[in-house]
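To start, the structure itself, in structure tokens.
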Amino acid sequence: MDWEDLLEKAGRVFEKEPRLIQLPSHGKVVFVGDTHGDLDASEQVIQRYLKKPYCIVFLGDYVDRGKDSEENIQYLLELKLEHPEEIFLLTGNHEGFMVKEFYPVYFWSSISAEERKKYGLLFSKFPFAASAQNGLLALHGALPDLKSLEEMDQIELGDENWDRIVWGDFVENEMDILGDLWGRPQFGRQYFNRLMERYQKQVLVRSHQPHAPITMFDKRCVTIFTSHAYLPTRTIAIADLEKEIRSAEDILLERI
């Protein structure tokens, strides 16, 4: 199938998904951080975990940085078509170039204007977050400030909550909202605790910040990165969906 057919068929699949993915209450989930054109990382995860009892949640940023951006995203889209209930692709900031431009952009600058339009349209349909009944929440960057997670379908591309989800950083700081750093909104412990209590979640799994501590806020905020584009080691997180998750100690962090 050529790339245009792939994007069109994948778009129809994503249109059926809500912005907030509800993970099953059984089996296990594998969370994959930014892959950033690291096709080998995606292949390693798929080879190991695309089987029962696992579902796999990729946390965004499939393109730019690494040398295989287009190959990486097309590989994952093909797998999404084949396994729509086992593989979930959340959006990251690098999928939002058509909404909020940034640089450098190795992938976006290497394709034509028509290709950028079609990839941008597809990426605009990606879900924002994944939630589980056992206390887990997963997304790319930081938490949106909503009355409830069910309001996620009301978030519009480019609005403040979209910006927090895909561009937001967490900092090991006692404060609430810390302002903006180079286009990246910054948040501390008070903000994290306030929103997690409101959403009745215990642990957040995220990516986006390759140099952030793996755990923050009493081991309730877990940051993973799964690309050699930034780090020599690639980390994934595995959780039992049938077990209550209270901290990072209840999650298996594995290097691939």
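Because the structure is predicted, anything quoted here is derived from the model rather than measured.
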For this session: Look only at the side chain of N134 and the backbone of K243, and say whether a donor-acceptor pair between them is shorter than 3.5 Å.
Result: yes
For this session: Start with the C-alpha distance between V105 and S110, add both sets of side-chain angles, then the distance that settles side-chain contact (heavy atoms from CB on, under 4.5 Å), and finish with yes or no.
Result: CA-CA 8 Å; V105 283; S110 71; over 6 Å; no
For this session: Assess whether atom NZ of K219 is packed by more than 12 heavy atoms of other residues, nucleotides or ligands within 6.0 Å.
Result: no
Exercise. Going hydrophobic residue to hydrophobic residue with side-chain gaps under 4.5 angstrom, can you get from F88 over to V13?
Worked result: no
For this session: May I ask you to decide if F107's main-chain N or O and R65's side chain share a donor-acceptor pair within less than 3.5 Å?
Result: no
For this session: Would you check if L89 and L76 make a side-chain contact, meaning some heavy-atom pair closer than 4.5 Å?
Result: yes
Seminar exercise, completed: Closest non-hydrogen contact found for M175 with L178 is CB-CD2, 3.4 Å
Exercise. Between N173 and G188, is there a donor-acceptor pair closer than 3.5 Å when you use the side chain of the first and the backbone of the second?
Worked result: no
Problem set entry | Candidate list D159, I177, L139, L195, test side chain to side chain contact (heavy atoms under 4.5 Å, CB included), partner R164, passing option | I177
For this session: Evaluate ring-ring contact (aromatic ring centres under 6.0 Å, His included) for Y119 paired with F97, printing each intermediate quantity in order.
Result: CA-CA 10 Å; Y119 272 106; F97 178 73; over 10 Å; no
For this session: Indicate yes or no: does K80 engage E86 in a salt bridge with an N to O separation below 4.0 Å.
Result: no
Exercise. Going by distance alone, is a donor N or O of one side chain under 3.5 Å from an acceptor N or O of the other, for N72 and T35?
Worked result: yes
Problem set entry | NE2 (H26) with more than 12 external heavy atoms under 6.0 Å | no
Problem set entry | No-hydrogen, no-angle side-chain donor-acceptor test under 3.5 Å, H36 and D61 | yes
For this session: Step through the shown structure and confirm whether more than 12 heavy atoms of other residues, nucleotides or ligands are within 6.0 Å of CD on Q47.
Result: yes
For this session: Test the R19-F128 pair against the cation-pi criterion, namely NZ or CZ under 6.0 angstrom from the six-membered ring centroid and within 45° of the ring axis.
Result: yes
Exercise. Does I165 belong to the same Ile/Leu/Val/Met/Phe/Trp/Tyr cluster as L157, with side-chain heavy atoms less than 4.5 Å apart forming each link?
Worked result: yes
Exercise. Would you say the side-chain atoms of D34 and H208 include a donor-acceptor pair closer than 3.5 Å?
Worked result: no
Exercise. Under 6.0 Å from the CD atom of E114, do we count more than 12 heavy atoms belonging to anything else shown?
Worked result: yes
For this session: Please say whether more than 12 non-hydrogen atoms of neighbouring residues, nucleotides or ligands are located less than 6.0 Å from NZ in K100.
Result: yes
Exercise. Does some side-chain heavy atom of L121 sit less than 4.5 Å from a side-chain heavy atom of S124?
Worked result: yes
Problem set entry | Result of checking V205, L23, I87 against V57 for side chain to side chain contact (heavy atoms under 4.5 Å, CB included) | L23
Exercise. Would you say V166 and I155 are hydrophobically clustered, going by side-chain heavy atoms of ILVMFWY under 4.5 Å?
Worked result: yes
Problem set entry | Step-by-step side chain to side chain donor-acceptor pair (under 3.5 Å) determination, S112 to E115 | CA-CA 5 Å; S112 68; E115 288 174 307; 3.3 Å; yes
Exercise. Does a side chain donor of either Y49 or E254 reach within less than 3.5 Å of an acceptor in the other side chain?
Worked result: yes
Problem set entry | Value rounded to 0.5 Å, distance of CZ in F217 from CG in N193 | 7.5 Å
For this session: Could you walk me through whether D218 and R189 pass salt bridge (Lys or Arg N to Asp or Glu O under 4.0 Å), step by step?
Result: CA-CA 9 Å; D218 301 317; R189 180 189 296 268; 3.0 Å; yes
Problem set entry | Donor-acceptor contact present, side-chain E242 to main-chain G27, <3.5 Å | yes
Problem set entry | Considering all heavy atoms, the nearest L204-M196 contact | N-CE, 3.5 Å
Exercise. Within the distance-only criterion (no hydrogens, no angle test), does the side chain of D68 pair as donor or acceptor with the backbone N or O of E71 below 3.5 angstrom?
Worked result: no
Seminar exercise, completed: Smallest heavy-atom separation, E244 atom then D250 atom, equals O-OD2, 4.1 Å
For this session: Decide side chain to side chain donor-acceptor pair (under 3.5 Å) for E78 and Q74; before the verdict, give the C-alpha distance in whole Å, the side-chain angles of both, and the deciding distance to 0.1 Å.
Result: CA-CA 6 Å; E78 289 169 357; Q74 289 187 8; over 6 Å; no
Exercise. Is a donor on one side and an acceptor on the other found under 3.5 Å between the side chain of E95 and the backbone of T91?
Worked result: no
For this session: Flag yes if W108 and W167 sit in one hydrophobic cluster, no otherwise; membership is Ile, Leu, Val, Met, Phe, Trp, Tyr, and two members link when side-chain heavy atoms are under 4.5 Å apart.
Result: yes
Exercise. From R198 CZ over to S148 OG, what is the distance, rounded to the nearest 0.5 angstrom?
Worked result: 9.5 Å
Exercise. Is a side-chain N or O of R116 found less than 3.5 angstrom from the main chain of I111, in a donor-acceptor match?
Worked result: yes
Exercise. So, do H94 and Y62 sit near enough that their side-chain heavy atoms are less than 4.5 Å apart?
Worked result: no
For this session: Determine, using the 4.5 Å side-chain heavy-atom cutoff (strictly less than), whether Y103 and V63 are members of one ILVMFWY cluster.
Result: yes
For this session: Go through the steps to decide whether F14 and F126 satisfy the test ring-ring contact (aromatic ring centres under 6.0 Å, His included), and finish with yes or no.
Result: CA-CA 6 Å; F14 287 112; F126 279 18; 4.4 Å; yes
Exercise. Which value, rounded to the nearest 0.5 Å, describes the distance between K118 atom NZ and E4 atom CD?
Worked result: 3.5 Å
Exercise. Distance-only, no hydrogens or angles: does the K201 side chain make a donor-acceptor pair with backbone N or O of Q133 under 3.5 Å?
Worked result: no
Exercise. Considering residues, nucleotides and ligands other than E160, do more than 12 of their heavy atoms fall under 6.0 Å from its CD?
Worked result: no
For this session: State, with a plain yes or no, whether a side-chain heavy atom of L20 is found less than 4.5 Å away from one of P127.
Result: no
Exercise. How many angstroms lie between atom CD1 of I238 and atom CD1 of I251, to the nearest 0.5 angstrom?
Worked result: 10.5 Å
For this session: For residues F187 and A142, report the shortest heavy-atom separation together with the two atoms involved.
Result: CD1-CB, 3.7 Å
Exercise. Going by atom types only, do R206 and T223 share a side-chain donor-acceptor pair under 3.5 Å?
Worked result: yes
For this session: Taking R220 for its side chain and Q202 for its backbone only, find out whether a donor-acceptor pair lies under 3.5 Å.
Result: yes
For this session: For the pair K28 and D240, evaluate salt bridge (Lys or Arg N to Asp or Glu O under 4.0 Å) and give the outcome as yes or no after the intermediate values.
Result: CA-CA 4 Å; K28 296 184 177 182; D240 188 336; 5.4 Å; no
Exercise. Are F225 and Y230 an aromatic pair by the rule of ring centers under 6.0 Å?
Worked result: yes
Exercise. Does atom CZ of R184 have more than 12 heavy-atom neighbours from other groups under 6.0 Å away?
Worked result: yes
Exercise. Is a donor on one side and an acceptor on the other found under 3.5 Å between the side chain of S207 and the backbone of G33?
Worked result: no
Problem set entry | Pairwise distance CG(L146) to CG(D153) - rounded to 0.5 angstrom | 10.5 Å
Seminar exercise, completed: In short, P24 meets C55 closest at the heavy-atom pair CD-SG, 4.3 Å
Exercise. Around atom CD of E197, are there more than 12 heavy atoms of other residues, nucleotides or ligands at under 6.0 Å?
Worked result: no
Exercise. So, Y199 versus R194: side-chain donor-acceptor pair below 3.5 Å or not?
Worked result: no
Seminar exercise, completed: When every non-hydrogen atom of I256 is compared with those of I236, the smallest separation belongs to CG2-CD1, 3.9 Å
For this session: Kindly compute the distance separating CD1 (I21) from CG (L90), expressed to the nearest 0.5 Å.
Result: 7.0 Å
